[in-house]
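This report refers to the structure that appears directly beneath it.
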Amino acid sequence: MIKTETSHFNRLIGVWKTTGQISIGNQALTLEGTDSYELILNGNYILHKADVLMGSEKTETFEIIGLNNTTNKASMQYFNSKGESGTMTGEISGNNFRIDGDKLKFNGIIDDQSSVIRGKWFLQADDNSWKEFIEMKLEKL
């Protein structure tokens with residue numbers, strides 16, 4: 001079994017300051033908080049914890065990241081403080097970081113030093129078009 005600690009996802013390990021802009025209809029809200037990624041269960045998985053304010057609403061998410069028998073693709077199972085849960089797939093190839101979920105996707109870039117991630121979350125609309133939802137930046141502390 002390939003361990004997560006020796007994969008491309010190891011670039012995420014650490015604590016990150018998270019900032020961004022949320023677009024909901026004609027409304028723009030700020031996003032700020034902290035994301036952390038830590039190796040768990042003998043380096044086989046990563047625990048991702050997000051603690052952010054989306055506008056004035058506090059949200060928390062826990063996510064387990066595990067590899068899909070390759071060093072650059074993973075399954076991501078999440079649970080949040082709204083009672084929502086789901087599964088997404090992630091891929092880190094070079095400096096490109098992509099996440100795909102049900103009617104949700106993220107496209108981002110990790111800098112060469114693995115200290116800044118910039119990207120955008122998109123939501124799929126009823127007409128199957130993709131609408132930008134969150135533009136964000138994570139900076140490793």
Side-chain angles (χ1 to χ4, degrees), residues 1-25 27-141:
M1 176 178 188
I2 302 169
K3 288 194 172 199
T4 305
E5 68 183 342
T6 60
S7 76
H8 296 231
F9 286 86
N10 194 49
R11 297 176 73 183
L12 302 176
I13 301 302
V15 178
W16 301 77
K17 175 185 172 188
T18 305
T19 57
Q21 193 77 21
I22 305 164
S23 300
I24 302 173
Q27 191 176 20
L29 303 171
T30 59
L31 170 72
E32 57 183 24
T34 305
D35 281 73
S36 66
Y37 295 84
E38 63 182 285
L39 292 168
I40 61 169
L41 302 173
N42 199 29
N44 288 302
Y45 300 94
I46 293 174
L47 174 61
H48 169 212
K49 294 186 274 188
D51 185 0
V52 297
L53 282 174
M54 298 177 79
S56 61
E57 183 180 357
K58 178 180 171 70
T59 63
E60 293 178 286
T61 300
F62 283 13
E63 178 178 60
I64 302 290
I65 300 171
L67 296 178
N68 290 342
N69 296 317
T70 178
T71 60
N72 67 335
K73 292 184 180 179
S75 294
M76 308 166 113
Q77 177 73 43
Y78 69 89
F79 305 88
N80 68 30
S81 56
K82 293 180 180 180
E84 301 166 332
S85 64
T87 302
M88 301 182 292
T89 56
E91 179 176 0
I92 297 177
S93 180
N95 287 347
N96 296 309
F97 183 20
R98 182 177 171 99
I99 300 171
D100 290 296
D102 185 31
K103 298 187 179 222
L104 180 71
K105 69 180 179 179
F106 174 80
N107 290 320
I109 300 290
I110 305 173
D111 73 348
D112 289 335
Q113 295 76 33
S114 300
S115 62
V116 176
I117 301 170
R118 294 178 189 272
K120 294 181 180 181
W121 283 97
F122 297 88
L123 292 173
Q124 191 171 24
D126 291 338
D127 65 1
N128 289 327
S129 65
W130 290 96
K131 306 288 185 197
E132 185 179 319
F133 174 49
I134 300 173
E135 183 172 355
M136 63 190 312
K137 176 181 178 183
L138 288 85
E139 299 172 277
K140 197 175 277 187
L141 298 175

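Note that the structure is predicted; figures quoted are calculated from it, not measured.
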Indicate the atoms forming the closest heavy-atom contact of D35 with H48, along with that distance. OD2-NE2, 2.6 Å
I want to check something: taking the side chain as every heavy atom from C-beta on, are I46 and I64 in contact at a cut-off of under 4.5 Å? no
Minimum heavy-atom distance A74-N68, with the two atoms named: C-ND2, 3.6 Å
Is the number of heavy atoms from other residues, nucleotides or ligands within 6.0 Å of NZ (K73) greater than 12? no
Does K105 make a cation-pi contact with W130, if we ask for NZ or CZ under 6.0 Å from the ring centre and within 45° of the axis? yes
With distance as the sole test, does D111 use its side chain to make a donor-acceptor pair with the main-chain N or O of V116 at under 3.5 Å? yes
On a heavy-atom basis, the closest approach of F9 and F97 is CE2-CE1, 4.2 Å
Check K49 with E38, please: is the shortest side-chain N to carboxylate O separation under 4.0 Å? yes
Between D100 and R98, does at least one N-O distance fall below 4.0 Å, as a salt bridge requires? yes
Are more than 12 heavy atoms from other residues, nucleotides or ligands located less than 6.0 Å from atom NZ of K58? yes
Could you tell me the separation between the CD atom of E139 and the NZ atom of K17, rounded to the nearest 0.5 Å? 5.5 Å
So, does S81 use its side chain to make a donor-acceptor pair with the main chain of E60 at under 3.5 Å? yes
Under 3.5 Å donor-acceptor, K131 side chain and S23 backbone: no
Examine distances only and state if a side-chain atom of N80 and a backbone atom of G83 form a donor-acceptor pair shorter than 3.5 Å. yes
Residue pair I109 / N96, side-chain heavy-atom distance below 4.5 Å: yes
When you look at CZ of F106, are more than 12 heavy atoms from neighbouring residues, nucleotides or ligands closer to it than 6.0 Å? yes
Is the closest side-chain heavy-atom distance between I117 and L12 below 4.5 Å? yes
For R118 and N107, test the side chains for any donor-to-acceptor distance below 3.5 angstrom and give the result as yes or no. no
If every non-hydrogen atom of R11 is compared with every non-hydrogen atom of W16, which pair is closest and at what distance? O-CZ2, 3.8 Å
Polar side-chain atom of Q124 near backbone of S129 as donor-acceptor pair, under 3.5 Å: no
G119 backbone acceptor or donor facing K137 side chain under 3.5 Å: no
Which of Y37, Y78, Y45 passes side chain to side chain contact (heavy atoms under 4.5 Å, CB included) with I65? Answer is Y37
From CA spacing to verdict: side-chain hydrogen bond (donor to acceptor under 3.5 Å, both in side chains), D51, T34: CA-CA 5 Å; D51 185 0; T34 305; over 6 Å; no
Heavy-atom count around D126 CG within 6.0 Å, excluding the residue itself: above 12? no
Taking side chain as C-beta onward, heavy atoms only, is N10 less than 4.5 Å from T6? no
Keeping the roles fixed (side chain from N44, backbone from L41), state whether a donor-acceptor pair exists under 3.5 Å. yes
Do Q77 and T87 meet the criterion of a side-chain donor-acceptor pair at a distance under 3.5 Å? yes
Decide whether S93 and N72 meet the rule of one side-chain donor and one side-chain acceptor closer than 3.5 Å. no
